[in-house]
Amino acid sequence: MKITRFFCRYPLLILVSFFCLGCSRCPEDSVYEGLPFEMSPVRLPDIPQRSVSLVDFGGVGDGATLNTEAFAKAIETLSDKGGGRLVVPGGVWLTGPICLQSNIELHLEEQAVVTFSSDPDLYPVISTNFEGLDTRRCISPINAEGAHDIAITGKGVFDGNGQDWRELKRYKVPEKFWEAKIKTGTVHDNVWYPDEGYYKARLTCPNFNVPDPSLDEQEIKRFLRPVMVSLRNCEDVLLEGCTFQNSPAWNIHPLWCRNVTIDGITVRNPAFSTNGDGIDIDACENVILRRSSFDVGDDAICIKSGKDADGRRHARKCRNLIIDDCTVYHGHGGFVVGSEMSGGVENILVSRCRFMGTDVGLRFKSTRGRGGVVSNIWIDDIVMTDIPGDAVIFNLYYAGKSALEASEGSSEAEIKADETTPEFRDISIRNVTVSGAGRAVFLNGLPEMPLRNISFEDCRFTAGKGVESHYGENISFNNVSVNGKAI
């Protein structure tokens, strides 16, 4: 991996200069010049010029009228004519799920708020994939499957009413908040659940968020809470300008998609939201994410590619991603790879990002049983402040906990590497400045599969602890310091 030569020949300013040129929907070809990996140009959606308003189909933006039928009629009408733009004007638009179709743009004007009803009867249970596993969940508030040329744009807000779906741990919220919350739902062992069915599913849950299949789906429907935006097997996708907030589970989940552009969006979930990820780019190819901000309850910008046997069977890599000029506030991790990475992750450039108060900055995680290879990742020009955990962490003993809650000490007895052994290699981290972290760098590979070819260059850390490394080969530090002392 010719990292040094690449950065000498092609300064990052040249690589990302297109972000400041032209309109956001017409990216300059220069973004692809000099990339350290081959990447086909990301196609933007082709949306016909016709436009309709939601009010033309009986929509009422009073916050009380249910607009599910109005959205469905408008989208169906546009689809029958070959597509176009559905405009949602200012107002508060209560609705059930919105199902996008090909050649449709959903456009929220300024002051438009689409709030999704939390009535579970509006959300049928479907076969899908969540946390890398094939499973059954409620259909997502915004969803599309197998669609092409779709867009969600504007200056409005999508709100998922996630507080009615998610469990809540008492220690995560103030006492007065807790006292108000427990007037609804049910409480067991200082955890609030939306109903007893959710609690029943949690007790019998064999694999995190996948319940016992013998349970009645209708009884445990709240437990089968959806991601807010689910785009599966879609091509030529644009998300631009909108705010996505308060999701039942993950906020935005493109899965098995190609040619995805995400530009200037805001993503926020309460800090206490369970599974409150910002965006999970899952087994996708050709993605640009730029100029966006995240303030969430779990990992913020997360790269995935399936989990364990299901992920290896699908064998869909997440590759060819450009992530630039993003800001992360609260979150378990700023830029994250894993822990579901069984299909493999490769060819990612991350540049000019800021992590402010994020639990961990750069977070790479997996564990035995995953399999998959993570390689060819270039990270440049990152600024972090007030990171309570590790500024940079590679942890292949990940146990499904947040970065601050995770404890090390798994068995280090060497076992034979096979298809279930995860591999992380060929990763460059340079020009990172950290002002305050619990620890600068933690590297924790596997004895049967050490971390390989991880390079740090021109990095400055101010941290309570320095660098700790286990099971790594060809780990290099060039012009790197912790608290002013060279490594």
Side-chain angles (χ1 to χ4, degrees), residues 126-138 140 145 201-202 204-213 223-227 230-233 247-257 274-285 287 298-319 321 332-333 335-346 348 363-375 377 393-403 405-406 410 415 417-424 444-446 448-449:
I126 63 169
S127 295
T128 185
N129 186 284
F130 180 64
E131 292 194 332
L133 298 175
D134 295 332
T135 184
R136 303 265 297 167
R137 311 284 291 187
C138 289
S140 291
E145 182 169 8
R202 172 60 71 213
T204 59
C205 185
N207 198 332
F208 292 104
N209 288 304
V210 178
D212 185 331
F223 179 80
L224 304 176
R225 54 199 168 97
V227 302
S230 174
L231 307 174
R232 300 189 297 158
N233 275 313
S247 57
W250 295 349
N251 214 311
I252 302 173
H253 184 207
L255 172 68
W256 305 327
C257 294
T274 303
N275 305 117
D277 292 23
I279 184 168
D280 294 87
I281 302 171
D282 197 344
C284 294
E285 184 171 351
V287 180
D298 208 311
D299 292 329
I301 302 169
C302 197
I303 312 304
K304 300 180 182 292
S305 66
K307 182 176 180 180
D308 299 345
D310 282 354
R312 294 192 297 273
R313 177 171 50 81
H314 288 298
R316 302 282 292 267
K317 290 185 178 181
C318 196
R319 61 185 176 187
L321 277 62
H332 289 173
F335 170 76
V336 183
V337 177
S339 68
E340 302 96 290
M341 40 64 67
S342 301
V345 173
E346 65 182 15
I348 300 177
R363 187 182 192 193
F364 299 82
K365 54 181 177 175
S366 189
T367 190
R368 288 172 175 142
R370 292 283 188 271
V373 178
V374 173
S375 65
I377 298 177
I393 182 171
F394 288 75
N395 182 19
L396 271 65
Y397 286 98
Y398 178 68
K401 299 179 181 179
S402 74
E405 296 170 331
S410 300
I415 61 175
D418 59 20
E419 67 171 1
T420 71
T421 308
E423 180 179 2
F424 285 67
N444 197 24
L446 295 170
E448 69 273 20
M449 186 63 73

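- From T367, atom OG1 reaches atom CG of L396 across 7.5 Å, with rounding to the nearest 0.5 Å.
- Not one N or O on the side chain of D308 forms a donor-acceptor pair closer than 3.5 Å with the backbone of D310.
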* Could you walk me through whether F424 and M449 pass the side chain to side chain contact (heavy atoms under 4.5 Å, CB included) test, one step at a time? => CA-CA 8 Å; F424 285 67; M449 186 63 73; over 6 Å; no
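- For N233, the side chain to side chain donor-acceptor pair (under 3.5 Å) test picks out no residue, with sequence neighbours left out.
- Ion pair K307/E131 not flagged as a salt bridge, since none of the NZ, NE, NH1 or NH2 atoms sits closer than 4.0 Å to an Asp/Glu carboxylate oxygen.
- The minimum heavy-atom distance between I281 and C318, with the atom names listed, is O-SG, 3.5 Å.
- Looking only at distances, a side-chain donor or acceptor of R370 sits under 3.5 Å from a matching main-chain atom of S339.
- For the pair S342 (side chain) and R312 (backbone), a donor-acceptor distance under 3.5 Å is absent.
- When atom types are taken as modelled, the side chain of S140 and the backbone of V227 share a donor-acceptor pair closer than 3.5 angstrom.
- Distance check, rounded to the nearest 0.5 Å: CD of E423 to CD of E448 gives 11.5 Å.
- Between E145 atom CD and I126 atom CD1 the span is 7.0 Å, to the nearest 0.5 Å.
- If you take CD on E340 and CG on L133, they are separated by 7.5 Å, rounding to the nearest 0.5 Å.
- With hydrogens and angles left out, the side-chain atoms of N444 and N395 include a donor and acceptor closer than 3.5 Å.
- Taking both residues in full, the closest heavy atoms of R363 and G333 are given as CD-CA, 4.4 Å, listed atom of the first, atom of the second, then distance.
- From I348, atom CD1 reaches atom CG of L321 across 5.0 Å, with rounding to the nearest 0.5 Å.
- Contact record, S127 with R232: O-NH1, 3.2 Å, taken as the closest heavy-atom pair.
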* To do: Would you please test T274 and R225 for side chain to side chain contact (heavy atoms under 4.5 Å, CB included) and show each step?
  => CA-CA 11 Å; T274 303; R225 54 199 168 97; 3.6 Å; yes
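- Of the charged side-chain nitrogens involved, none lies within less than 4.0 Å of a carboxylate oxygen, so that D299 and K304 do not count as a salt-bridged pair.
- When all heavy atoms of W256 and C284 are compared, the pair lying nearest together is N-SG, 3.9 Å.
- Between W250 and F130, the ring planes are tilted. Angles from 30° to 60° get that label.
- Among all heavy-atom pairs drawn from D280 and P254, the shortest one is O-CD, 3.2 Å.
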* To do: For the pair K365 and V336, evaluate side chain to side chain contact (heavy atoms under 4.5 Å, CB included) and give the outcome as yes or no after the intermediate values.
  => CA-CA 8 Å; K365 54 181 177 175; V336 183; 3.7 Å; yes
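- Side-chain contact of D277 with H253: a donor-acceptor pair under 3.5 Å is absent, judged by distance alone.
- Nearest heavy-atom pair across N251 and G278 is CB-O, 3.0 Å.
- Annotation: side chain of Y397 is in contact with side chain of L446 (closest heavy-atom distance under 4.5 Å).
- Rounded to the nearest 0.5 Å, atoms CD1 (I303) and CD1 (I377) are 8.0 Å apart.
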